[in-house]
Amino acid sequence: MSKNREPATVAAVDAAALEQEALAAVAAASTPAELTALRTRYLGRKSELKQALRNVRDRETGMTLNAVRERLEDAFARREADLDRSELDRALSSDGFDVTLPGEELPVGQLHPTTQVRRIVEDTFLGLGYEIRDDREVETVEYNFDKLAFPPTHSSRSPRDTFFLADDVVLRTETSPSQIHHLEAREPPVYMVSIGRVYRRDAITPTRFPIFHQFEGLAVDRGITLADLKGTLLHVMRALFGDDRRVRFRTHYFPFTEPSIEPDVSCGVCGGTGCRTCKFTGWIELGGAGMVDPRVFENVGVDPEEWSGFAFGCGPERAAQLRFGISEIRPLWSTDLRVLRQF
Ligand code: DAH
């Protein structure tokens with residue numbers, strides 16, 4: 001390489017070899033800084049070429065060396081422009097920001113259908129002045145059954161129907177124990193809704209799942225009647241299913257209400273004329289309800305002569321099925337986003 005060459009003399013410079021070497025080095029330079037160093041080496045004041053030019057004695061050698069110098073100047077200028085352009089390209093692609101590029105789509109979540117129903121129920125009852133409460137899922141037999149006046153022989157007390165964690169501890173089978181907790185904690189008048197999970201030893205079917213939700217309502221005041229219950233249920237059904245729903249009551253039995261009823265809502269699929277969804281009855285059952293049984297009041301120290309009240313318990317999963325037209329309960333307990341994204 002040039003460093004090892006003899007001190008430059010006109011005769012010693014092999015112009016062609018020098019040009020080749022310089023051109024190859026220029027082509028290989030990959031940064032502007034490298035190119036600057038090469039320019040000093042091949043075209044700088046102390047470069048072989050410049051020294052040779054200074055020592056030129058004959059015209060022919062001068063012309064040859066000047067031509068080499070010009071071609072090298074040219075090659076340096078072109079390479080410099082190239083490197084500047086690729087430097088700009090690199091900067092644009094790595095730290096540049098192209099405002100014309102389409103934005104990245106961020107996944108947006110949505111509320112689970114059961115949660116949507118829960119929020120509607122909570123909003124509706126908060127709007128009516130109810131308190132929302134949340135109670136334990138692990139419950140004592142005393143609160144799950146005894147204080148709600150379940151007779152000792154009631155089938156729900158059997159380990160075949162209910163998950164027992166100990167002789168006197170169960171996974172609550174309904175949200176009704178909230179009525180007891182609330183009446184023990186507050187003096188009437190009370191207006192309360194409690195929403196949460198409940199557990200039953202049911203086999204899984206299109207409409208049954210061993211874990212599900214309930215919303216429990218309780219209103220205790222002076223002079224509360226069945227008409228208040230009907231009006232309240234109609235109000236929440238309209239919030240859930242739309243304005244043109246009708247509500248009807250069928251008589252039923254629950255240990256903690258007297259009279260006990262089951263509220264039906266007119267079928268939203270057929271408008272009440274009868275279809276497969278409502279089993280051609282025009283009505284869909286939504287839960288249980290009734291007037292609080294005086295024995296329950298006595299169990300919590302509330303005077304049934306002074307106070308009366310209604311209570312109800314409905315299933316948000318059933319409500320979600322009706323609201324969103326979901327024929328099975330199972331997808332509501334699935335974690336498959338392809339299912340849940342549809343609602
Ligand atoms: N706890 C009942 C059930 O799970 C539903 C129910 C019926 C709740 C009547 C009530 C009620 O508050 O008054 O089947």
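Counting starts at 1 for both ligands and their atoms, in listed order. One is the number of the first residue; the rest follow in order along the sequence.
- Atoms of ligand 1 lying under 4.0 Å from at least one heavy atom of Gly290, given by number and element, are 13 (O).
- Below 4.0 Å from some heavy atom of Phe254 lie the following atoms of ligand 1, by number and element: 7 (C), 9 (C), 14 (O).
- Between Ala311 and ligand 1, a contact under 3.5 Å exists for at least one N or O pair.
- Scanning the protein heavy atoms around atom 11 (C) of ligand 1, the nearest turns out to be Phe256 CE1, 3.4 Å.
- At the top of the distance list for atom 7 (C) of ligand 1, counting protein heavy atoms only, stands Gly288 C, 3.4 Å.
- Between Arg157 and Asp146 there is a salt bridge, with a side-chain nitrogen of the basic residue lying less than 4.0 Å from a carboxylate oxygen of the acidic one.
- Per-residue contacts place Ser176 under 4.0 angstrom from the following atoms of ligand 1 (heavy atoms of the residue considered): 1 (N), 8 (C).
- Polar contact with ligand 1: present for Phe312 (N/O pair, distance under 3.5 Å).
- Residue-ligand proximity, Thr257 to ligand 1, at heavy-atom distances under 4.0 Å covers atoms 13 (O).
- With a 4.0 Å cut-off on non-hydrogen atoms, Ala289 touches ligand 1 through its backbone and not its side chain.
- Not a single heavy atom of Gly287 lies less than 4.0 angstrom from ligand 1.
- The closest side-chain heavy-atom distance from Tyr253 to Pro255 is below 4.5 Å.
- For Arg78 and Asp74, the salt-bridge test passes: some basic side-chain N is under 4.0 Å from an acidic carboxylate O.
- Between Phe125 and Phe312, the ring center distance clears the sub-6.0 Å criterion.
- For ligand 1, the atoms closer than 4.0 angstrom to any heavy atom of Gly313 are 6 (C), 8 (C), 10 (C), 12 (O).
- Residues Phe76 and Leu38 meet the side-chain proximity criterion, which asks for heavy atoms closer than 4.5 Å.
- Neither the backbone nor the side chain of Phe310 comes within contact range of ligand 1; no heavy atom lies under 4.0 Å.
- Within a 6.0 Å sphere centred on CZ of Arg119, heavy atoms belonging to other residues, nucleotides or ligands number 12 at most.
- Atoms of ligand 1 lying under 4.0 Å from any heavy atom of Gln214, numbered from 1 in the order shown and given with element: 3 (C), 4 (O).
- No side-chain donor-acceptor contact under 3.5 Å links His181 and Arg133.
- Applying side-chain contact (heavy atoms from CB on, under 4.5 Å) to Tyr191 and the options Ile224, Thr232, Leu218 leaves one that passes, Ile224.
- Under a 4.0 Å N-O distance rule, the pair Glu298/Arg295 does not qualify as a salt bridge.
- Atom numbering of ligand 1 starts at 1 in the shown order; those under 4.0 Å from a heavy atom of Glu174 are 1 (N), 2 (C), 3 (C), 4 (O).
- The option with the heavy atom closest to atom 4 (O) of ligand 1, from among Gln179, Arg200, Glu216, Arg172, is Arg200.
- For a threshold of 3.5 Å applied to N or O pairs, the pair formed by Thr173 and ligand 1 contains no separation below that value.
- Salt-bridge check for Arg41 with Glu48: failed, with every basic side-chain N at 4.0 Å or more from each acidic carboxylate O.
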